Number of protein chains: 2
Amino acid sequence: MTDTTPSRQIAESLRSEIANGQLPPGGRLPTVRELAERFGVSRNTVTKAMTILKTEGLITARTGSGAYVREPHPIRRLGPGRYARQRWQVTTVTAHADDRPSSEAIEQQGGQTQEVTLIEADQVVAEALGIEVGAPVYERARVMTRDGLPTHTMTSYYRRDDVEGSAITDPRPGIAGQGGGFAVLASRGLDPHEITEDIAARMPTTEEALLLELPAGEPVVEVRRTTRTVDGQPIEYARGIHAASRFVWSFTYPIPD
Amino acid sequence: MTDTTPSRQIAESLRSEIANGQLPPGGRLPTVRELAERFGVSRNTVTKAMTILKTEGLITARTGSGAYVREPHPIRRLGPGRYARQRWQVTTVTAHADDRPSSEAIEQQGGQTQEVTLIEADQVVAEALGIEVGAPVYERARVMTRDGLPTHTMTSYYRRDDVEGSAITDPRPGIAGQGGGFAVLASRGLDPHEITEDIAARMPTTEEALLLELPAGEPVVEVRRTTRTVDGQPIEYARGIHAASRFVWSFTYPIPD
DNA sequence: TAGTGGTCTAGACCACTTC
DNA sequence: AAGTGGTCTAGACCACTAA
């Protein structure tokens, strides 16, 4: 039934100790040397067992300190409500650029970094926005953090003419941040009306793992979002990478005919 | 910038060869022994590099044969349309049990196994169905396959009184299969009207990895679905485990106020 | 039967943490 | 300074695949 190499057996043994609470979340595992002696194997074999558990997301190890049972993350539930009008709709657009442009295009602020650049649309972006490949688009790349830890990235693309000169093209975070992109589009007569979200999961690339400080064995969820006006005209395409363990997506809808 | 151990460097080297197409999908990697010589390291170090790539889902290895670049899966796009009325609504319920009950509760049929059991509701199921813990519910566990490979599981829970004696409680697949559960509920005056889907991603348990024949480094997407009548009464709770690389979930909705 | 990936050992060295 | 996880080596053995 179970193909049973020593390293797998040790992993299974520790796994069940974690499952039954004998090793509680945050608790420290016995040292590699202790386990090697306990199971009568070499240190390498125990290390391998721990590698298995790490890639399963059950433990993390800190060199010089020990290996610990991973604590469950607080989970955020993401639904359509996060895009609700009342969250971004304002009578007058209060966001505005001031006169001291920062030399750096990246700044840090409570929970969000931002980088805005004018680029040429690639295949995917062009198709999503209904423009030609190579057409100019503004890319607005953000990294969201929570409790000092990065939780997800969100990179939006806008047609240049739609947002040129607006607060969106101001690189400082907070100006167009926090849904403010929708307010800017609305102020230009491009009211966001409909959203399509595509959701898929996969293992992270090495860059993503570094950027989001992902432990081994943590998948990412990639969200691709297209926002359209009431006429069906796409006004924003966005791509987000989320640390999987911190989010749940929730949708409620009537059964279609 | 990049902490650079030999095994990681080798992994990175192979990773870029895969990315630029030098090693095409389905192509065979050089042997461990060849790579060990090429990079001037021990066999173990090359093996470790390949383990990294396996957990990233980039390659799979077959003992005795070689290591191969994984081929991209055909991806199914899942949206609300899969629950559309026209897919399950029938004027008269044609599904029916015949007279020869099978001794086995599990049967195999084109693309689906099924197992039906009467159990007591646990905490999660009870809460979802709005009943008390321990109340009797029918559990209908299915494993869906495609091209002979398992793609996902789907386990539904119904209140006993809602489906007792119906085609749903018939263990043979195909009777209530293929959305037929909705038709049965409708025939009982419990028209499915609204669905809530919760979607999350994580690494598989060992059981799930075995059941879905997941290669190392393949995450799963867990979908929890609650179906309600127009009155808001929950009539089905379902839990599905999907091999992440084979699916995309897609939702289109108007921006709420 | 020759070649393949997979696992294990014993010993070594390293960077890091903790005291 | 002592203890920790992490990595690497050299060599061994195994189960499996393919000709």
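Quick caveat: nothing in here was measured; it's all calculated off a predicted structure. Letters A, B, ... mirror the listed sequences (proteins, then strands); counts begin at 1. All heavy atoms count here, side chains included; hydrogens, waters and symmetry mates do not.
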- Task: Taking side chain to side chain donor-acceptor pair (under 3.5 Å) as the test, write out the residues that go with A:Thr226, two or more places apart.
- Result: none
- Contacts of A:Ser7 that satisfy side chain to side chain donor-acceptor pair (under 3.5 Å) - sequence neighbours left out: A:Thr5
[N] [atom2] sits how many Å from [X] [atom1], rounded?
{"X": "A:Arg8", "N": "C:dG6", "atom1": "CZ", "atom2": "P", "answer": "10 Å"}
{"X": "A:Met50", "N": "C:dC8", "atom1": "CE", "atom2": "P", "answer": "15 Å"}
{"X": "A:Leu35", "N": "D:dG5", "atom1": "CG", "atom2": "P", "answer": "8 Å"}
{"X": "A:Ile59", "N": "D:dT4", "atom1": "CD1", "atom2": "P", "answer": "15 Å"}
{"X": "A:Glu37", "N": "D:dG3", "atom1": "CD", "atom2": "P", "answer": "14 Å"}
{"X": "B:Leu53", "N": "C:dG6", "atom1": "CG", "atom2": "P", "answer": "12 Å"}

- Message: So, using salt bridge (charged side-chain N to carboxylate O under 4.0 Å, His left out) as the criterion, who are the partners of B:Arg224 when residues are at least two apart?
- Response: B:Glu222
- Under the salt bridge (charged side-chain N to carboxylate O under 4.0 Å, His left out) test, which residues partner B:Arg70, sequence neighbours left out? B:Glu218
- Message: How long is the straight-line distance from CZ of A:Arg239 back to OG1 of A:Thr155, given to the nearest 0.5 Å?
- Response: 7.0 Å
- In terms of the nearest nucleotide of DNA chain D, which residue is placed more toward the 5' end: B:Ser42 or A:Thr31? A:Thr31
- Item | With sequence neighbours excluded, residues passing ring-ring contact (aromatic ring centres under 6.0 Å, His included) with A:Phe247 | A:His152, A:His242, A:Trp249
- Task: Identify, between B:Leu29 and A:Gly40, the residue whose nearest nucleotide on DNA chain C lies closer to the 5' end.
- Result: B:Leu29
Under 3.5 Å, which donor-acceptor pairs link side chains of residues 25-37 of chain B to any protein atom two or more places apart or in another chain?
from    : atom 1 : to      : atom 2 : distance (Å)
B:Arg28 : NH1    : B:Ser65 : O      : 2.8
B:Thr31 : OG1    : B:Glu34 : N      : 3.0

- Estimated bend of the helix from C:dT1-D:dA18 to C:dT18-D:dA1 (axis per five terminal pairs, rounded to 10 degrees): 10°
Just N and O in the side chain of [X]: are any of them under 4.0 Å from OP1 or OP2 of [N]?
{"X": "B:Ser7", "N": "D:dC8", "value": "yes"}
{"X": "B:Lys48", "N": "C:dG6", "value": "no"}
{"X": "B:Thr5", "N": "D:dC8", "value": "yes"}

- Query: Can you check whether B:Met203 reaches A:Leu58 side chain to side chain, under 4.5 Å on heavy atoms?
  - Reply: no
Below 3.5 Å, can you tabulate the donor-acceptor pairs from side chains in residues 71-82 of chain A to any protein atom, sequence neighbours excluded?
from    : atom 1 : to       : atom 2 : distance (Å)
A:Arg77 : NH2    : B:Asp198 : OD1    : 3.4
A:Arg77 : NH2    : B:Asp198 : OD2    : 2.0
A:Arg82 : NE     : A:Gly79  : O      : 2.9
A:Arg82 : NH2    : A:Glu197 : OE1    : 3.2
A:Arg82 : NH2    : A:Glu197 : OE2    : 3.0

- Item | Where protein sits on nucleotides 12-19 of chain D, one letter per nucleotide: B base, S sugar-phosphate only, - none, heavy atoms under 4.0 Å | B--BBBS-
